[in-house]
Amino acid sequence: MNPYIISKENNGALLFTINRPDRRNAINYEVMSGLEKAIDMAAGNDVKVFAITGAGDQAFCSGGDLSAFHSLKTETQAYGMLSRMAGILYKLLVLPKPTIAILNGSAVGGGCEIASACDFRIGREGMKAGFVQGNLAITTGWGGGSILLEKLPQNIAMKILLDAKIYTAEELRDLGFIHHIYKNHPIDACLSFMSGSLEKETTVLEAYKTLLNKKWRILSMRERMEEEAARCAVLWRMRLTIKKWTNS
Ligand SMILES: CC[C@H](C(=O)O)C(=O)SCCNC(=O)CCNC(=O)[C@H](O)C(C)(C)COP(=O)(O)OP(=O)(O)OC[C@H]1O[C@@H](n2cnc3c(N)ncnc32)[C@H](O)[C@@H]1OP(=O)(O)O
């Protein structure tokens, strides 16, 4: 089974589907490569909207593949993975096209970080999501914490990160993390939510995203996301030490 699917929807939408439903669409290095490829394709003139979703109806994305990344023992090894994904999420953040995460199911940990890097987030009725990293004695490590602190009011973003809770779709909408709750087919819901963008000239879409990207540059988002990855790598290593001592 291909770990990801890249497909062109009608009238200019490009869809990236994480296709590992048996792993709750966890991110491994193959999925990272696919996402890099899809983001490059989305920059093309024939694409107006870039959407990300997960296969199946259980999960959008369960974050990093813990079985694949379990072998990362040193700070340097962890940083290599974390900084690669932080770089991908920065490219997603500054893609000069409107982007949307279709939360077709649960989104936890890095899954929430991927969703945060998109301009918009819509969630299926009944889905849940949470930045659970704090429960694992680490922080966000793909830049999603830095992004959340800019996209939501600072106190709300900090509460979400510090509590590391799982929220319902309604709670996520009230917090401002998701912008719409849908009932029907995810692609129909996405095309309906993004219909305004899909009707515009690509030049208009690129121009508005360029305005937003100026803000990200002024806020030094690339450097902040990199520092987040480096800090998470330190905690990743410390966590392994704690686990060794506590045999937890
Ligand atoms: C790498 C760092 C990164 C970062 O933020 O920087 C992170 O993402 S850290 C956070 C990593 N993710 C997690 O801790 C989430 C772990 N998974 C879950 O909490 C649940 O699986 C959930 C809520 C996503 C879905 O729960 P559900 O009950 O629907 O499914 P199961 O738990 O029974 O899982 C089914 C099946 O999938 C495997 N699985 C789930 N998540 C992962 C994962 N992240 N990596 C690898 N494999 C995952 C799980 O082991 C089950 O496999 P099975 O062989 O059927 O037992």
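Index from 1, following the sequence. Start at 1 and go down the list; that is how both ligands and their atoms are numbered. These figures come from a predicted structure and were not determined experimentally.
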| task | Could you list the atoms of ligand 1 found under 4.0 angstrom from a heavy atom of L82? | result | 6 (O)
| remark: Smallest heavy-atom separation, A55 atom then N104 atom, equals O-ND2, 3.9 Å
| For atom 30 (O) of ligand 1, which protein heavy atom lies nearest, and how many Å away is it? | R24 NE, 3.2 Å
| note | Going by the 4.0 angstrom heavy-atom rule, the piece of M85 near ligand 1 is neither
| task | Answer with yes or no whether W236 contacts ligand 1, where contact means a heavy atom under 4.0 Å from a ligand atom. | result | yes
| Enumerated ligand 1 atoms positioned under 4.0 Å from heavy atoms of V108 | 15 (C), 24 (C)
| message | Between R222 and E226 (salt bridge meaning N to carboxylate O under 4.0 Å), is one present in this structure? | response | yes
| Nearest to atom 22 (C) of ligand 1, what protein heavy atom do you find, and at what distance? | S106 OG, 4.5 Å
| message | List ligand 1 atoms under 4.0 Å from G63, heavy atoms only on the residue side. | response | 8 (O)
| Would you say G64 has any N or O atom under 3.5 Å from an N or O of ligand 1, going by distance alone? | yes
| said: Can you name the atoms of ligand 1, numbered from 1 with element, that are less than 4.0 Å from a heavy atom of D22? | reply: 36 (C), 37 (O)
| query | What residue and heavy atom of the protein are closest to atom 45 (N) of ligand 1, and at what distance? | reply | L66 N, 2.9 Å
| said: Assess whether a salt bridge exists between E150 and R224, defined as any Lys/Arg side-chain N lying under 4.0 Å from an Asp/Glu carboxylate O. | reply: yes
| query | In ligand 1, which numbered atoms sit nearer than 4.0 Å to a non-hydrogen atom of A26? | reply | 43 (C), 44 (N), 45 (N)
| Side-chain ion pair, D65 and R20, N-O less than 4.0 Å | yes
| request: Hey, can you tell me if H180 and F193 have their rings parallel, tilted or perpendicular (30° and 60° cut-offs)? | output: parallel
| message | For the 3.5 Å polar cut-off, considering only N or O atoms, please tell me whether E113 and ligand 1 meet it. | response | yes
| said: Show, in sequence, the C-alpha distance, side-chain angles and deciding distance for K165 and E171, and conclude whether the salt bridge (charged side-chain N to carboxylate O under 4.0 Å, His left out) test is met. | reply: CA-CA 11 Å; K165 282 172 49 180; E171 288 168 332; 5.5 Å; no
| said: Looking at non-hydrogen atoms alone, which of G109, S62, G110 comes nearest to atom 11 (C) of ligand 1? | reply: S62
| query | Do the ring planes of Y4 and F16 sit parallel (below 30°), tilted (30 to 60°) or perpendicular (above 60°)? | reply | parallel
| field | Residue and atom name of the nearest protein heavy atom (relative to atom 48 (C) of ligand 1), distance in Å to one decimal | value | R23 O, 3.7 Å
| Which is closest to atom 6 (O) of ligand 1 in terms of heavy atoms, G141, G144, G130? | G141
